[in-house]
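As the structure lists them, so they are numbered: ligands from 1, and atoms in each ligand from 1. Being a predicted model, the structure only gives us computed values, none of them experimental.
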Amino acid sequence: MKSIAIVGLGYIGLPTALVAASHNLNVFGFDIDQKKIDTINTGICPIVEPGLPELLSTVRAKNSFSASTILPSADYFIIAVPTPFMKDKKPDLSYVFEAGKTVAKKLNRGNTVILESTCPVGSTQQLKTLLEEHSGLKAGKDFYLAYCPERVLPGRIIHELVTNDRIIGGIDKTSAEKAKTFYKTFVVGNCFLTNDTTAEMVKLIENSSRDIQIALANQIAHMCSLVGINPFEVISLANKHPRVSLLQPGCGVGGHCIAVDPWFLVDSFPEASALLKTAREINDNKPHFVVNEVLSLAKKFRRKPNVLALGLTFKPNIDDLRESPALFIAKELSKSDTLRLTVYDPFVDEEKITAMGLVKEFSLETADIILILVKHSAFTTIDRTVIQNKIIIDPCGLLYEGDHGTALFGKGKCQEDNRPNTSP
Ligand code: SAJ
């Protein structure tokens, strides 16, 4: 049995560690955060992700996983630390390089290092130099190095860790094959081998592609609102074409991946990334667009209207608030003295909402304007008769029911549709 050390027990590192540990590997989890380590070692899962607490209990019972702030020697080192960007949209690789220095101290002949963090093109080569300098060993001869980006979707991480195909970019063929040996212990998807630079580019392109698609959907929504047609119907009908596959508009793009990764390419290739930059700007602008929409409607009331914002998380059916456009919109509206804002999200408890300076209240009856920010499944059961005479702003299309326009938003007046009904 090979020993594995996972460096960074965050949203990717911890699930990877636990999945590997449940597949007969001996896994050590390393993190610089003592509090997190203590939490994990008492059996409490510090991350909200379906199935993860159960998996932690399983691997603890099997004794195949332990966590510490001291990195042990291991056959494989997997680096899964954050790569945030700084205010000027430049990537911050300091966590990766710090992790690299920690690994270098434990590196022995025959070991394999795998970088999973999303990184700018060329980062694995920089890590290679750093590992060589700090270990005195030679990459490709004494140790092996590969870049293998994570691709899992929050909310489905455990399933996708096993089923997704993986792209494995080795600094040489042996490195790629060594990395594949690790992933094949639990991945049932295909493992495609390539070089490190290609794998880095693939990861950034995947998320940029999604960002561009969402930007297109947001522009479709804008254009449709100008001519009073339903963007969700337009997208649904366009997607009937065998080679068209549009994504959905929303109140903006949140999370820590899609809204971040394209900037890595814009930073590296400023002359060759105009489309990516524009898409980022369109998606970043969407929450401001929604705020302005609400404020201009609020001004039409003689008194302060009651605005009920539904949903705060960065996407549906999770509790994750990181870079959430919905939360940004709620916070901006709460600053306005032209309206009275209350918010509701079934995934965010009242204490958290209050701590963010917002007021939790779920009263459809007293709301003048209902702002649907996140398409949580729980909201689909909202009683349409209660909201039919309200002003509804629904940028994510929760109330759009028709597969191709058989039923639209209900009778409320909507941002992107003000026709009462239409038939196919
Ligand atoms: N969104 C839309 N319209 C859509 C789809 C999403 O507005 O049609 C919004 C969501 O509401 C959310 C944001 O985009 O605010 C991002 O959500 P997401 O579900 O598209 O993606 P993430 O950030 O949760 O995860 C992505 C995934 N990448 C791709 O699907 C290409 C995931 O597979 C990656 O592992 C992850 O980024 C990552 O870590 O890079």
Side-chain angles (χ1 to χ4, degrees), residues 8 10-16 47-50 80-85 91 116-120 148-161 163-167 189 199-200 202-222 231-232 235-236 238-239 245-265 276 279-280 282-287 289-290 311-329 345 347 372-377 379 394-398 400 416:
Y11 278 79
I12 299 303
L14 184 60
T16 305
I47 293 166
V48 180
E49 175 63 31
V81 294
T83 46
F85 63 25
E116 281 211 7
S117 310
T118 305
C119 284
C148 179
E150 59 83 11
R151 304 171 115 183
V152 288
L153 201 67
R156 287 172 50 83
I157 292 180
I158 293 174
H159 174 75
E160 291 204 357
L161 268 176
T163 57
N164 283 0
D165 290 347
R166 300 291 302 228
I167 308 301
E200 289 164 344
V202 168
K203 169 66 190 178
L204 296 174
I205 288 302
E206 287 168 2
N207 281 357
S208 299
S209 143
R210 198 156 168 84
D211 198 41
I212 289 169
Q213 284 288 325
I214 298 168
L216 176 59
N218 281 328
Q219 285 223 312
I220 293 169
H222 193 179
F232 300 97
I235 288 171
S236 170
N239 281 344
S245 183
L246 295 163
L247 289 178
Q248 300 296 310
C251 68
V253 170
H256 39 102
C257 308
I258 293 189
V260 174
D261 299 356
W263 290 118
F264 289 15
L265 289 171
L276 276 64
R280 267 298 57 248
I282 290 167
N283 288 334
D284 272 354
N285 197 37
K286 188 68 191 262
F289 185 89
V290 175
L312 292 172
T313 58
F314 92 81
K315 66 178 193 175
N317 304 323
I318 57 167
D319 73 334
D320 198 332
L321 292 165
R322 286 176 299 170
E323 317 299 328
S324 167
L327 181 59
F328 171 84
I329 292 166
D345 191 309
F347 291 89
I372 305 172
L373 294 174
V374 186
K375 217 171 164 179
H376 288 313
S377 305
F379 294 154
D394 184 19
C396 58
L398 177 96
Y400 175 66
E416 278 128 355

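The minimum heavy-atom distance linking A221 with K286 is given by the pair CB-NZ, 4.2 Å. Contact record, I157 with P15: CG2-CB, 3.5 Å, taken as the closest heavy-atom pair.
Sorted by chain and number, the residues within 4.0 Å of ligand 1 by heavy atom are E150, R151, V152, L153, P154, K203, E206, N207, R210, I214, L247, Q248, G252, V253, G254, C257, I258, D261, F314, K315.
In terms of the salt bridge (charged side-chain N to carboxylate O under 4.0 Å, His left out) criterion, residue partners of E206 (sequence neighbours excluded) are, by chain and number, R151.
Side-chain contact between L247 and L216 is absent, with no heavy atoms from C-beta onward closer than 4.5 Å.
A salt bridge links D211 to R280: one of the charged nitrogens lies within less than 4.0 Å of a carboxylate oxygen. A salt bridge links K203 with E150; the closest basic N to acidic carboxylate O contact falls under 4.0 Å.
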